[in-house]
Amino acid sequence: MGDCYTGTPSKLGFGLMRLPRDEKGNIDVEETSRMVDAFLAAGLTYFDTAYVYEGSEEAIRKALVERHPRNTYTLTDKLNVNAAKNEEEAKKQIQVSLERTGAGFFDYYLLHAISEDNAGRYEKFRIWDYMHELLQKGLIRHYGFSFHGKPELLDRLLSEHPDVAFVQLQINYADWESPTVQARRNWEVCRKYGKQVVVMEPVKGGTLANPPEAASEIFKEADPAASFASWAIRWVASKEGIMTVLSGMSSLSQMQDNLSFMAPFAPMTAKEKETVELAQKALAGIRNIPCTACHYCTGGCPKKISIPDIFSAMNTYLVFGDLAKAKQNYAWNTHEAKASDCIRCGQCERQCPQHLPIRELLAKTAEKLEARE
């Protein structure tokens, strides 16, 4: 055990999903190495990769594992059942990840991206029991899971698996009261069970690094020198029970900006929290699709269209003007049926408590997010 890092996780974590790439699309290991060195020099230690992050595990072996003592950092990896055809393939992922990273063991290991759609596969493949085997073998030191589902499922999982050490949640000030993400309610479930939270998407995939003018003007007036990303990351890092906040940095300049306000980390003042609340209200005032994600509309849909998730993707475009991110979210939520698959039967509109013109909104969403531009 002498090769283990024995300190506490750093408040800022280096998310390795968006590493810098060269003109050929390959991860720039030299730039990544400079980022790793700066991160460690600032006293930060938490690195996060995954089996499905293309090239990330190999890159971090070269930039981190082969260049720094194993007891100077913690490395997190993940097992993803969506990338496996059967139990055997799923359980082999950790061996592949250990070979790619050369890490010897993982300080933290996660069941990756659990949702209502795949929770059953983690149970079918007996992955929960497998975590106990890995702990006993010393291949992992702690296990948890990342989560993209509803609070009711999260509550059940934490009740059934009390030895989970932590949960990774999508939390940011824009999604705090989102009816689809349900960030606040999921965080509250973790607090109920006393579980530490690792935060993903604190800057909402980069959109909060350049928020709409209605919000950006509020931040500029409060502190012209502070980056927009700093407001987003410090806001969530200041909440109770946060173990670390992941930032998917893609350049040394982004790293340096993050380090400027997170090394060392100072919790937000009451005045700063009030500023973020004003920005939240400003975002809420921007015209979008007022869907509450009650899912009354989906139960009887003959095409099985995930209407609330599709509208959530469209709202990413309407509120933030980020078409690329909106299309990415849309693709993620339309594996089974697209907005254009609507046959205009109207049952959804008969069930909608908000009386939304769902058929018309689906058509407009399909026109914008399915178009090849």
Side-chain angles (χ1 to χ4, degrees), residues 1-10 12-22 24-81 83-84 88-113 127 130-146 165-166 168 198 200 243-244 246-252 255:
M1 297 289 285
D3 55 354
C4 293
Y5 178 78
T6 57
T8 57
S10 54
L12 177 69
F14 189 174
L16 305 171
M17 187 172 67
R18 301 184 178 92
L19 293 175
R21 294 181 181 268
D22 60 25
K24 295 181 180 179
N26 299 315
I27 291 177
D28 186 336
V29 175
E30 290 187 8
E31 177 76 351
T32 301
S33 297
R34 287 189 285 269
M35 296 169 70
V36 164
D37 294 349
F39 191 75
L40 290 171
L44 305 180
T45 57
Y46 192 99
F47 294 84
D48 171 275
T49 186
Y51 176 81
V52 295
Y53 294 171
E54 185 179 356
S56 174
E57 292 175 318
E58 293 90 346
I60 208 58
R61 183 188 75 244
K62 297 173 184 176
L64 173 68
V65 177
E66 294 178 353
R67 299 176 61 248
H68 293 277
R70 186 63 181 87
N71 62 357
T72 61
Y73 61 86
T74 62
L75 186 59
T76 299
D77 215 304
K78 310 180 188 74
L79 184 159
N80 193 313
V81 294
E88 183 182 6
E89 282 193 8
K91 290 181 175 179
K92 279 184 177 178
Q93 286 184 21
I94 188 170
Q95 294 300 333
V96 175
S97 293
L98 286 169
E99 289 171 8
R100 288 173 177 171
T101 61
F105 65 92
F106 295 120
D107 302 271
Y108 303 96
Y109 199 60
L110 289 81
L111 287 70
H112 196 181
I127 301 303
Y130 188 52
M131 293 298 108
H132 301 152
E133 292 180 30
L134 297 178
L135 285 167
Q136 291 172 0
K137 292 178 180 178
L139 294 178
I140 64 175
R141 300 295 188 252
H142 310 278
Y143 93 96
F145 60 91
S146 59
F166 64 100
Q168 187 165 305
V198 173
M200 56 183 160
M243 186 168 97
T244 195
L246 298 176
S247 180
M249 295 166 275
S250 303
S251 67
L252 184 58
M255 172 68 73

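It should be emphasised that the depicted structure is a prediction, and the values quoted were computed from it without experimental measurement.
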Trainee: Check whether the side chains of Glu57 and Thr49 place a donor and an acceptor atom closer than 3.5 Å, and report yes or no.
Mentor: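 Not at all, the side chains of Glu57 and Thr49 share no donor-acceptor pair under 3.5 Å.
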
Trainee: Quick one: list whatever passes side-chain contact (heavy atoms from CB on, under 4.5 Å) with Glu99, sequence neighbours left out.
Mentor: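 Residues passing side-chain contact (heavy atoms from CB on, under 4.5 Å) with Glu99: none at all.
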
Trainee: Look at the side chain of Thr32 and the backbone N and O of Ala63, then say whether any donor-acceptor pair between them is shorter than 3.5 Å.
Mentor: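 No; zero donor-acceptor contacts below 3.5 Å.
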
Trainee: Whether the side chain of Asp77 engages the backbone of Tyr51 through a donor-acceptor N/O pair (distance < 3.5 Å, no angle test) should be reported.
Mentor: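 Between the backbone of Tyr51 and the side chain of Asp77 there is a qualifying donor-acceptor contact (under 3.5 Å).
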
Trainee: Does any N or O in the side chain of Asp107 come within less than 3.5 Å of the main-chain N or O of Leu75, such that one atom is a donor and the other an acceptor?
Mentor: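 Yes; at least one donor-acceptor contact below 3.5 Å.
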
Trainee: Would you say that more than 12 heavy atoms from the other residues, nucleotides or ligands in this model lie under 6.0 Å from the CD of Glu54, or not?
Mentor: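 Open: at most 12 neighbouring heavy atoms sit under 6.0 Å from CD of Glu54.
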
Trainee: Does Tyr5 have Arg141 sitting over its ring (NZ/CZ under 6.0 Å from centre, angle to axis within 45°)?
Mentor: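 Ring-cation test returns no.
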
Trainee: Atom OG in Ser10, atom CG in Leu40: separation rounded to 0.5 Å?
Mentor: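 Ser10 atom OG to Leu40 atom CG measures 9.0 Å (nearest 0.5 Å).
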
Trainee: Evaluate Glu31 against Arg34 for salt bridge (Lys or Arg N to Asp or Glu O under 4.0 Å), listing each step before the verdict.
Mentor: CA-CA 5 Å; Glu31 177 76 351; Arg34 287 189 285 269; 3.0 Å; yes

Trainee: Just so I know, are the side chains of Ile127 and Lys91 near enough to count as touching, which here means a heavy-atom distance under 4.5 Å?
Mentor: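 Answer yes - side chains close enough.
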
Trainee: Starting at CG of Leu139, measure out to CD of Gln95 and round the result to the nearest 0.5 Å.
Mentor: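 Leu139 CG to Gln95 CD: 6.0 Å, rounded to 0.5 Å.
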
Trainee: To the nearest 0.5 angstrom, please state how far the CD1 atom of Ile94 sits from the OH atom of Tyr109.
Mentor: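 Interatomic distance, Ile94 CD1 to Tyr109 OH, rounded to 0.5 Å: 4.5 Å.
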
Trainee: Indicate yes or no for a side-chain donor-acceptor contact from Ser250 to the backbone of Arg18 under 3.5 Å, with no hydrogens or angles considered.
Mentor: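 Yes: the side chain of Ser250 pairs with the backbone of Arg18.
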
Trainee: What closest approach, in Å, do Ala59 and Ile27 show between heavy atoms, and which atom pair accounts for it?
Mentor: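 Nearest heavy atoms, Ala59 then Ile27: CB-CG2, 3.7 Å.
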
Trainee: Closer than 4.0 angstrom, basic N to acidic O: yes or no for Lys92 and Glu88?
Mentor: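 A salt bridge is present here (some side-chain N lies under 4.0 Å from a carboxylate O).
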
Trainee: Quick check for you: to the nearest 0.5 Å, what is the distance between Leu16 atom CG and Tyr53 atom OH?
Mentor: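 The CG atom of Leu16 sits 8.5 Å away from the OH atom of Tyr53.
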
Trainee: Could you check whether any side-chain N or O of Thr45 sits under 3.5 Å from a backbone N or O of Pro9, counting only pairs where one atom can act as donor and the other as acceptor?
Mentor: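 Answer holds: no.
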
Trainee: Kindly indicate, with the supporting measurements, whether the criterion ring pair (Phe, Tyr, Trp, His ring centres under 6.0 Å) is fulfilled by Phe39 and Phe47.
Mentor: CA-CA 10 Å; Phe39 191 75; Phe47 294 84; 5.1 Å; yes

Trainee: Please confirm whether the backbone N or O of Ala113 pairs with a side-chain atom of Ser146, one donor and one acceptor, at under 3.5 Å?
Mentor: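 Between the backbone of Ala113 and the side chain of Ser146 there is a qualifying donor-acceptor contact (under 3.5 Å).
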
